[in-house]
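To start, the structure itself, in structure tokens.
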Amino acid sequence: MSQKKFLLVDGHALIYRSFFAFPKSFMLPDGQMVNAVYGFARILLTAIRKIEPTYMAVAFDHPQPTQRHKDFEGYKANRPEMPDDLRPQIEIIKEVVDALNIPKFEIGGYEADDLIGTINARVEEFGQDLLTVIVTGDQDMFQLVDDNTHVYLPGRGKGKQDTEYDAVGVKEKIGVTPELVIDLKGLMGDSSDNIPGVKGIGPKTAQALLDRFGSLSGIYEAVDKKIEDEVLTDSVVDKLTKERESALVSRELATIMKDAPVQFQLEDCEVVRYDKEKVVSLFQELNFKTLLSLLPPDQFETTVQEALF
């Protein structure tokens, strides 16, 4: 029997990815742009077909500031305001999720990342032979990858393949293992979230330091002990010393929470039959005729498939 899977969707990451990836010509007769809705629905339905989950959920960001914003004033400060053409699409995307009968999670003061991290941790606590597959456009999620958790990144651009990452895949992709993703961010920062890191430390140096000393703590222990090493040049030691606080704060900012106040029970996320008529009607209103072929069918040939929707 194949392993059961939990499809956990990073809603806002896919919304933004879709908005900038799909043409703005996706528009309703009244001028309402729906490119993000189309992209989100396409990615979601494709992932469902490939992964064949037994459980599903979608997590969304909440507009309320998070603890990260309170602790570090500059957190995500470089991000522009949400585009006017995107804002109204979010509610339509939530309509699509509701029509497909998929549970939604959204909590004030918490990012979707933290809800996903918490739900994933709770799933692992259940101790079932269950693989969580996180569908996202954000490589920050690599820190959650382990034997029971994979990250699924949709392909960028026409003809690019979707990729599902396990721990080996993460190491090949970014040069460090999943447990060192936050240490890597502590060193090199993340411009997309305005996480500063250590000025002058780039990916190659950060990876070399982590390969040699095993963690951010190990690196600073070596600095404090004045250990001589070819990776710890005078220039690198100087940067690390001056930016120690920034490195530690950056590591903290990059860490996905696993204890958000999520009211979650696995059985509530079990995939159930959806109202196909409702979804077809919604897609026709949105002029998403090309997505109709991706919808799971009404009738299923096997009892395993019947459990899916």
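None of the values given here were measured: they were computed from a predicted structure. Quick note: numbers below take in every heavy atom, side chains included, and nothing from hydrogens, waters or symmetry partners.
- Ion pairing between a basic and an acidic side chain is recognised when a charged N comes within 4.0 Å of a carboxylate O; Arg212 and Asp229 show such pairing.
- Counting only N and O atoms by type, the side chains of His62 and Glu106 include no donor and acceptor under 3.5 Å apart.
- No side-chain heavy atom of Leu180 sits less than 4.5 Å from a side-chain heavy atom of Leu184.
- Side chain to side chain, Asp190 and Ser192 meet the donor-acceptor criterion of an N or O pair below 3.5 Å.
- A donor-acceptor contact shorter than 3.5 Å is absent between the side chain of Lys185 and the backbone of Gly189.
- Without hydrogens or angle criteria, Asp85 side chain to Met33 main chain gives no donor-acceptor distance under 3.5 Å.
- The closest side-chain heavy-atom distance from Glu179 to Val145 is not below 4.5 Å.
- Between Met27 and Val34, the closest side-chain pair of non-hydrogen atoms is not below 4.5 Å.
- Electrostatic pairing of Arg244 and Asp224 counts as a salt bridge here, judged by a charged N lying under 4.0 Å from a carboxylate O.
- The closest side-chain heavy-atom distance from Asp140 to Val181 is not below 4.5 Å.
- At a threshold of 4.5 Å between non-hydrogen side-chain atoms, the residues Ile219 and Leu187 count as touching.
- The CD1 atom of Ile15 lies 11.5 Å from the CZ atom of Phe19; values are rounded to the nearest 0.5 Å.
- For the atom pair CD of Glu270 and OH of Tyr55, the computed distance is 5.0 Å after rounding to the nearest 0.5 Å.
- Between Lys173 and Phe142, the shortest heavy-atom contact is CG-CE1, 3.9 Å.
- Shown here for Arg49 and Glu52, the closest heavy-atom pair between the two residues is O-CG, 3.6 Å.
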TODO: Apply side chain to side chain contact (heavy atoms under 4.5 Å, CB included) to the pair Asp183 and Val176, showing each step before the final yes or no.
DONE: CA-CA 9 Å; Asp183 295 61; Val176 299; over 6 Å; no

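- Under a 3.5 Å cut-off, the side chain of Ser191 and the backbone N or O of Asn194 do not form any donor-acceptor pair.
- In this pair, Phe26 and Phe288 present their aromatic rings perpendicular. The plane angle is above 60°, beyond the 30 to 60° band.
- Between Lys5 and Thr132 the shortest side-chain heavy-atom distance does not fall below 4.5 Å.
- Under the 4.5 Å side-chain criterion, counting only non-hydrogen atoms from C-beta, Phe283 is in contact with Val96.
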Open item on the list: Assess the residue pair Leu144 and Lys258 against the criterion (side chain to side chain contact (heavy atoms under 4.5 Å, CB included)); give the C-alpha distance rounded to whole Å, side-chain angles, the decisive distance to 0.1 Å, and a yes or no.
Closed with: CA-CA 10 Å; Leu144 299 178; Lys258 297 181 181 179; 3.8 Å; yes

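- In the hydrophobic clustering of ILVMFWY residues, with side-chain heavy atoms under 4.5 Å counting as a link, Ile256 and Ile182 come out apart.
- Rounded to the nearest 0.5 Å, atoms CG (Leu8) and OH (Tyr152) are 14.5 Å apart.
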- [ ] Go through the steps to decide whether Thr46 and Leu294 satisfy the test side chain to side chain contact (heavy atoms under 4.5 Å, CB included), and finish with yes or no.
- [x] CA-CA 7 Å; Thr46 300; Leu294 293 178; 4.0 Å; yes

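- Residues Ser18 and Gly39 come closest through the heavy atom pair OG-C, 3.2 Å.
- Summarising the geometry of Gly197 relative to Glu243, their closest heavy-atom pair is O-OE1, 4.1 Å, with the distance given to 0.1 Å.
- Between Pro103 and Phe264 there is no side-chain heavy-atom pair separated by less than 4.5 Å.
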TODO: Dump the intermediate steps for salt bridge (Lys or Arg N to Asp or Glu O under 4.0 Å) on Asp98 and Lys104, then the final yes or no.
DONE: CA-CA 8 Å; Asp98 287 338; Lys104 303 190 307 293; 2.7 Å; yes

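- For the atom pair OG of Ser246 and NZ of Lys239, the computed distance is 13.5 Å after rounding to the nearest 0.5 Å.
- Aromatic ring centres of Phe60 and Phe105: separated by at least 6.0 Å.
- The hydrophobic clustering, which links ILVMFWY residues whose side-chain heavy atoms are closer than 4.5 Å, places Phe22 and Leu292 together.
- Residues satisfying the side-chain contact (heavy atoms from CB on, under 4.5 Å) test with Ala112, not counting sequence neighbours, are Asp10, Ala59, Asp61.
- Within a 6.0 Å radius of CG in Asp84, no more than 12 heavy atoms belonging to other residues, nucleotides or ligands are found.
- Sorted by first and then second residue, the side-chain hydrogen bond (donor to acceptor under 3.5 Å, both in side chains) pairs involving residues 22-37 (not counting sequence neighbours) are Asn35-Gln89.
- Of all non-hydrogen atoms in Arg42 and Leu291, the two that sit nearest each other are NH1-CD2, 3.6 Å.
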- [ ] Walk me through it: do Phe6 and Ile119 pass the test side chain to side chain contact (heavy atoms under 4.5 Å, CB included)?
- [x] CA-CA 10 Å; Phe6 189 128; Ile119 291 170; 4.1 Å; yes

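- For the 3.5 Å distance criterion, the side chains of Thr149 and Asn120 qualify, holding a donor opposite an acceptor.
- Environment of CD in Glu252: sparse, with no more than 12 heavy atoms of neighbouring residues, nucleotides or ligands closer than 6.0 Å.
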Open item on the list: Evaluate Lys242 against Asp238 for salt bridge (Lys or Arg N to Asp or Glu O under 4.0 Å), listing each step before the verdict.
Closed with: CA-CA 6 Å; Lys242 288 179 179 178; Asp238 184 56; 3.4 Å; yes

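- Atom CG of Leu45 and atom CZ of Phe40 lie 9.5 Å apart (nearest 0.5 Å).
- Phe20 and Val135 fall within the same hydrophobic cluster, where Ile, Leu, Val, Met, Phe, Trp and Tyr residues are linked whenever their side-chain heavy atoms come under 4.5 Å apart, directly or through other members.
- The residues Arg17 and Asp138 are annotated as not salt-bridged, no charged nitrogen and carboxylate oxygen being separated by less than 4.0 angstrom.
- Here the CD atom belonging to Glu95 is positioned 13.0 Å from the CD1 atom belonging to Ile90, to the nearest 0.5 angstrom.
- Remark: the backbone N or O of Val237 is paired with a side-chain donor or acceptor of Thr241 at under 3.5 angstrom.
- When all heavy atoms of Met188 and Pro203 are compared, the closest pair comes out as CE-CG, 3.7 Å.
- Not one N or O on the side chain of Asp193 forms a donor-acceptor pair closer than 3.5 Å with the backbone of Ile195.
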